[in-house]
Each structure stands twice: as structure tokens, then as C-alpha cells.
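Read through the structure below, which is laid out as C-alpha cells, and then see the notes.
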Number of protein chains: 2
Amino acid sequence: MKNLVKVERARLDMTQAELAKELGVSRQTIHAIEKDKFNPSVTLALKMGRLFNLPVEELFIIDED
Amino acid sequence: MKNLVKVERARLDMTQAELAKELGVSRQTIHAIEKDKFNPSVTLALKMGRLFNLPVEELFIIDED
DNA sequence: TAAAAATGTAAAGTTTTATTTACTTTTATA
DNA sequence: TATAAAAGTAAATAAAACTTTACATTTTTA
């Protein structure tokens, strides 16, 4: 799984800490997601999609099957 | 959070066990998701969306903010 | 209507997400 | 080029997803 969180965060000119606060998670969670350390919940993915104005399918891309 | 998994599963005429196998999870996981017992990973949500031919945003709906 | 299949429920255990704290390194700015 | 802000890393902990097993209840079908 890869994702566009870092890029979209840059588009909004937000720091990891700002994004974390906005989404109600810790900065480490944002960092870990950006570094593909884990697989967030669908709720968090939906919130991110809403904030970035991007469908979950475009924000998070499964490598293959 | 609510979701349309039970409805979409019915549309495909699949049992919980069949869906679980198709998605590579246990039947209890499907059951728990259908009963809103938990918040699946974005990966599982994406796989479900692909199978049901439905965007994650339509399959999983956050109650409010 | 009896048997089988599907679903509901529950509990114990494992794995992974997420938090907290703390410190280092990199990048931006005064 | 110092200083501050942001990002990277790491470890210990908490919380939640997910598995496994097992059995009860409901629904389907022979």
C-alpha cells in the first residue's frame, strides 16, 4: 500500500502536527502512515479524503492483490 | 459509522463465509463489520469497495463529525 | 418438519494500529 | 550561522482489529 498523504499535506501547506490535530490523531500516526508503517482505519482514511478533497481510492492505493 | 456491507453482500448473493474467504478474512470479521462492531482497515474497505463496485465513501458512512 | 446451512454471539488470544514520550536529524528562518 | 520549527526514529504502552473456537439461534431447503 502506498498513499498520497505527504503530497496532499504539502498541497495544503500543513505540518504533520497540524494535520494530526485536524484529524484527531497523534503526529506519530501521521508520520507512520506517510512512511507506510501501517494501514489506517477506514474512518481515518475517510476523514483524510474529505480534508484533501480526494476519494479514498485515490489517496490510498493497494499495490496489487 | 454505518455501512452497506450486508446489503451489498445480499446483492451478490454471498454468504458471510464466502465473502470472508474472497476477502481473505475470517467470517467473524465480516459479521463484526456488518454489526458495526468495528472499524475495518482501509485496505479491507478498499477490497470491499472493489468487489461491490462501490466507492469506499458510499460503502462506509461516518455518522457526523 | 427434520436436517442443513447461515447467521448471531461470546470469549480468549494474537497482531497491528495508535498514543505518549523523548531524543536526533533535517529544513527553514531570523 | 545560530535558532527554531519540522520531520525522522524508537521504545514502551494502550487500544482496537482480527483470528480461532465453540456453540446457540434463525433461516433455508430437502
Side-chain angles (χ1 to χ4, degrees):
Chain A
M1 252 245 313
K2 67 187 183 74
N3 69 74
L4 303 184
V5 174
K6 188 170 185 171
V7 177
E8 292 302 311
R9 178 170 65 78
R11 284 206 322 121
L12 297 193
D13 194 25
M14 294 177 86
T15 67
Q16 291 179 343
E18 285 167 347
L19 179 58
K21 188 171 186 183
E22 182 76 26
L23 296 170
V25 294
S26 72
R27 183 176 71 84
Q28 305 314 319
T29 293
I30 301 301
H31 183 261
I33 292 170
E34 289 189 358
K35 288 286 174 183
D36 289 321
K37 291 299 175 66
F38 54 62
N39 201 0
S41 66
V42 68
T43 298
L44 184 49
L46 285 166
K47 286 181 183 170
M48 283 180 161
R50 190 170 53 183
L51 182 63
F52 294 143
N53 198 33
L54 218 61
V56 172
E57 282 79 0
E58 290 183 31
L59 190 53
F60 293 92
I61 299 104
I62 298 180
D63 299 313
E64 58 221 75
D65 303 342
Chain B
M1 251 246 312
K2 68 187 183 71
N3 68 75
L4 303 183
V5 173
K6 189 169 185 171
V7 177
E8 293 302 312
R9 178 169 64 79
R11 284 206 321 122
L12 297 194
D13 194 25
M14 296 178 85
T15 67
Q16 292 178 343
E18 285 168 345
L19 179 58
K21 188 172 185 182
E22 182 75 27
L23 297 170
V25 295
S26 72
R27 182 177 71 82
Q28 305 315 319
T29 293
I30 301 301
H31 182 262
I33 292 170
E34 289 188 358
K35 289 285 175 184
D36 289 323
K37 292 299 174 68
F38 53 64
N39 203 1
S41 67
V42 69
T43 298
L44 184 49
L46 285 166
K47 285 181 183 169
M48 284 180 158
R50 189 171 54 183
L51 183 63
F52 294 144
N53 198 32
L54 217 61
V56 172
E57 282 80 359
E58 289 182 31
L59 191 53
F60 294 92
I61 299 102
I62 299 180
D63 299 312
E64 60 223 75
D65 301 344

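Keep in mind that this is a model prediction, so the values were computed, not measured. Labels below follow one simple rule: chain letters A, B, ... track the order of the sequence lines, proteins then strands, and each chain is numbered from 1.
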*Shortest non-hydrogen contact from B/E34 to B/Q16?*
OE1-NE2, 3.3 Å
*C/dT17 phosphate, OP1 or OP2: any side-chain N/O from B/S41 under 4.0 angstrom?*
no
_Candidates D/dA17, D/dT20, D/dA7 - which lies nearest the side chain of B/F38_ = D/dA17
*Whole Å only: how far is the CZ atom of A/R27 from the P atom of D/dA7?*
8 Å
*C/dA18 phosphate, OP1 or OP2, under 4.0 Å from A/T29 side-chain N/O*: no
*Round to the nearest Å and state the distance from B/L19 atom CG to C/dT7 atom C1'.*
14 Å
*Looking at C/dG8, D/dT19, D/dT9, which one has an atom nearest to any side-chain atom of B/H31?*
C/dG8
*What's the shortest heavy-atom distance between B/V42 and A/V56, and which atoms?*
CG2-CG1, 3.6 Å
*Kindly give the heavy-atom pair with the smallest separation between A/M1 and A/F60, and that separation in Å.*
CE-CD2, 3.8 Å
*Kindly compute the distance separating OG1 (A/T15) from CZ (A/R27), expressed to the nearest 0.5 Å.*
9.0 Å
*Nearest listed nucleotide, side chain of A/Q28, among D/dC18, D/dT9, C/dT7*: D/dT9
*Determine to 10° how strongly the helix from C/dT1-D/dA30 to C/dA30-D/dT1 is bent, judged from the axes of its five-pair ends.*
50°
*Whole-Å distance between C/dA18 C1' and B/N39 CG?*
12 Å
*Please report the closest heavy-atom contact between B/G49 and B/L59, naming both atoms and the distance.*
N-CD2, 3.7 Å
*Taking atom P of D/dA6 as reference, at what distance in whole Å does atom CZ of A/R9 sit?*
10 Å
*asked:* Just the rounded figure in Å: distance from P of D/dT27 to NZ of B/K6.
replied: 10 Å
*asked:* Of the options D/dA7, D/dC18, C/dT20, whose atoms approach the side-chain atoms of A/T15 most closely?
replied: D/dA7
*Just how far, in rounded Å, is P of C/dA6 from CG of B/L12?*
16 Å
*When the distance from CD1 of B/I30 to P of D/dC18 is rounded to whole Å, what number comes out?*
9 Å
*A/K37 or B/K37: which one's nearest nucleotide on DNA chain C is closer to the 5' end?*
B/K37
*asked:* Please find the pair of heavy atoms, one from B/L54 and one from A/E57, that lie closest to each other, and give the distance.
replied: O-OE2, 4.1 Å
*Ignoring the backbone of A/E34, work out which of D/dG8, D/dC18, C/dT9 is nearest its side chain.*
D/dG8
*State plainly whether the residues B/K21 and B/E18 are in salt-bridge range, i.e. N to O under 4.0 Å.*
no
*Rounded interatomic separation in angstrom, taking NZ from A/K21 and P from C/dA18*: 20 Å
